[in-house]
Novice: 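Please read through the structure below; I'll follow up with questions.
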2 protein chains.
Amino acid sequence: MPDAELLRLDHQVCFSLHAASRAFGGVYRDALKDLGLTYPQYLVMLVLWEHGPQPVKTIGERLRLDSGTLSPLLKRLETAGLVRRERSSEDERSVTVQLTPAGDELRARALPVPRRMLAATGLTIEELRTLQGLLGRVTSALDEA
Amino acid sequence: MPDAELLRLDHQVCFSLHAASRAFGGVYRDALKDLGLTYPQYLVMLVLWEHGPQPVKTIGERLRLDSGTLSPLLKRLETAGLVRRERSSEDERSVTVQLTPAGDELRARALPVPRRMLAATGLTIEELRTLQGLLGRVTSALDEA
DNA sequence: GGCCATTTAATTGCGCACAACTTAGTTGCG
DNA sequence: CGCAACTAAGTTGTGCGCAATTAAATGGCC
């Protein structure tokens, strides 16, 4: 395949992913507005709801985000009264993040969000899993490169 | 399917997309470093290489970006000497963006980028097209919601 | 015990995304 | 014609993503 045609395909693929990511972001923005959460903040809350108290480091590994992104984000969640941060006593370098009662209660209000999102995508659960599988493969491959 | 399980699936799907988008961004960052372009700047250049001089509005429609994003981005491309912006004479509201000779010459150096990206994804061209198709469907559906 | 590499967070700086608003130019309608 | 509605860019403010740097704590090793 000639370079020029590849350049056009590249245009389409990278644009598709970029656009899809932003389209998702937009719909999540609407769905999460009532909860007062942004999309990345929602990701952090999902991790805390699912895995409980954990250090910043662990959250970063699960979401592939570094402290430059997480530190201010967590500070905003703390200001909103959803999480509490405290230095670990065993390892003074580590900061453990845990939900406040308000943060825990927010989970109930977040439960309907995924169903709304699922409907908005227009895909079946099967197709969603396929998409997720493809994206996972791509991400692993890209992470190695 | 119960809400709680959907919440977990949602975690996985939205995270997958978010992660894939950022993984792509990272690899593009490396591939484009030599050209002095960021990933969104590359998208704008692709549009200009393919479609020639056009108003900011048109670029925004093609990439689904608004003036709040494009204005400073185009200003940086202009500072870098890659594009020129000038008010249209027929419609003084409109600003036409066109490539400078340097911007045009950059195209040759960008030609090998897609092949590198294709290799980095580890997918065949067929799979890429499938992914693109799925993402396109999702994006249209989400845009309507 | 003292030194050094490593680890964990936080901070700084830059660019992108988007909402809300502003400014200037155009169009349409009475 | 004149004025309201609309349109194209730009500006401002907030938050995310990431590279680079800093600060503090830990662990290993002599």
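Below, chains carry the letters A, B, ... as their sequence lines are ordered, and counting in each starts from 1.
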Novice: Distance check needed: D:dA19 P versus B:Y39 OH, whole Å only.
Specialist: 16 Å

Novice: Measure from CG on B:L70 to C1' on D:dA8 and round the result to the nearest Å.
Specialist: 12 Å

Novice: If you pin B:T96 and A:L65 to their nearest nucleotides in DNA chain D, which one's is more 5'?
Specialist: B:T96

Novice: Rounded to the nearest angstrom, tell me the gap between atom OH in B:Y28 and atom C1' in D:dG17.
Specialist: 18 Å

Novice: How many whole angstroms separate atom CD of B:Q54 from atom P of D:dA8?
Specialist: 14 Å

Novice: Relative to the 5' end of DNA chain C, which residue comes earlier, A:A23 or A:R85, by the nucleotide with the nearest heavy atom?
Specialist: A:R85

Novice: What is the separation between atom CD on A:E90 and atom P on D:dA24, rounded to the nearest whole Å?
Specialist: 21 Å

Novice: Would you compute the distance between atom CG of B:L65 and atom CZ of A:R22 and round it to the nearest 0.5 angstrom?
Specialist: 4.5 Å

Novice: Please determine, for the side chain of B:E92, which listed nucleotide (D:dT26, D:dA9, C:dG25) has the closest atom?
Specialist: C:dG25

Novice: Between the side chain of A:E127 and the main-chain N/O of A:T124, is any donor-acceptor distance below 3.5 Å?
Specialist: yes

Novice: Considering only heavy atoms, which members of residues 56-64 of chain B lie under 4.0 Å from some atom of DNA chain D?
Specialist: B:V56, B:K57

Novice: Output the rounded distance in Å from NE2 (A:H18) to C1' (C:dC18).
Specialist: 12 Å

Novice: Are A:R87 and A:E92 close enough for a salt bridge, meaning some N to O gap below 4.0 Å?
Specialist: no

Novice: Give B:T38 one of three labels, base, sugar-phosphate or nothing, depending on what nucleic acid heavy atoms sit under 4.0 Å from its own.
Specialist: sugar-phosphate

Novice: Out of C:dC18, D:dG17, D:dG15, which has the shortest distance to the side chain of A:R29?
Specialist: C:dC18

Novice: Compare the minimum distances between each of C:dA9, D:dC18, C:dA17 and the side chain of A:R87, then state the nucleotide with the smallest one.
Specialist: C:dA9

Novice: Assess the residue pair B:Q98 and B:R85 against the criterion (side-chain hydrogen bond (donor to acceptor under 3.5 Å, both in side chains)); give the C-alpha distance rounded to whole Å, side-chain angles, the decisive distance to 0.1 Å, and a yes or no.
Specialist: CA-CA 7 Å; B:Q98 60 183 301; B:R85 292 183 303 156; over 6 Å; no

Novice: Give the rounded distance in Å between these two atoms: CD of A:E86 and P of C:dA9.
Specialist: 13 Å

Novice: Could you tell me whether A:R64 and A:D143 have a side-chain N and a carboxylate O separated by less than 4.0 Å?
Specialist: yes

Novice: Where the side chain of B:S71 is defined as all heavy atoms beyond and including C-beta, which of C:dA9, D:dA9, D:dG17 is the nearest nucleotide?
Specialist: D:dA9

Novice: Any base atoms under 4.0 Å from A:S94, or only sugar-phosphate, or nothing? Heavy atoms, all strands.
Specialist: sugar-phosphate

Novice: Let's see if you can work this out: which of D:dT11, D:dC18, C:dA10 has an atom nearest to the side-chain heavy atoms of B:R22?
Specialist: D:dC18

Novice: Let me know, please, whether B:L74 or A:R93 comes out on the 5' side of the other along DNA chain D by nearest nucleotide.
Specialist: B:L74

Novice: How are the rings of B:Y28 and B:Y42 set to each other: parallel, tilted or perpendicular (split at 30° and 60°)?
Specialist: tilted

Novice: For A:L73, report the nucleic acid contact type (base, sugar-phosphate, nothing); a contact means any heavy atom under 4.0 Å.
Specialist: sugar-phosphate

Novice: In whole angstrom, give the distance that lies between atom CG of A:D91 and atom P of D:dA23.
Specialist: 19 Å

Novice: Reckon A:K33 touches a base, only the sugar-phosphate, or nothing at all at heavy-atom distances under 4.0 Å?
Specialist: nothing

Novice: Report the nucleotide, chosen from D:dA19, C:dA10, C:dT11, that has the shortest atom-to-atom distance to any side-chain atom of A:K75.
Specialist: C:dT11

Novice: As a test of reading the structure: which of D:dG17, D:dG10, C:dA17 is closest to the side chain of B:V95, going by heavy atoms?
Specialist: D:dG10

Novice: Give one of base, sugar-phosphate or nothing for B:P72, where a contact means two heavy atoms less than 4.0 Å apart.
Specialist: nothing

Novice: Can you check whether B:L70's main-chain N or O pairs, donor with acceptor, with B:S67's side chain at less than 3.5 Å?
Specialist: no

Novice: Show the numbers, then the answer: is there a side chain to side chain contact (heavy atoms under 4.5 Å, CB included) between B:M117 and B:F24?
Specialist: CA-CA 9 Å; B:M117 290 305 303; B:F24 255 99; 3.8 Å; yes

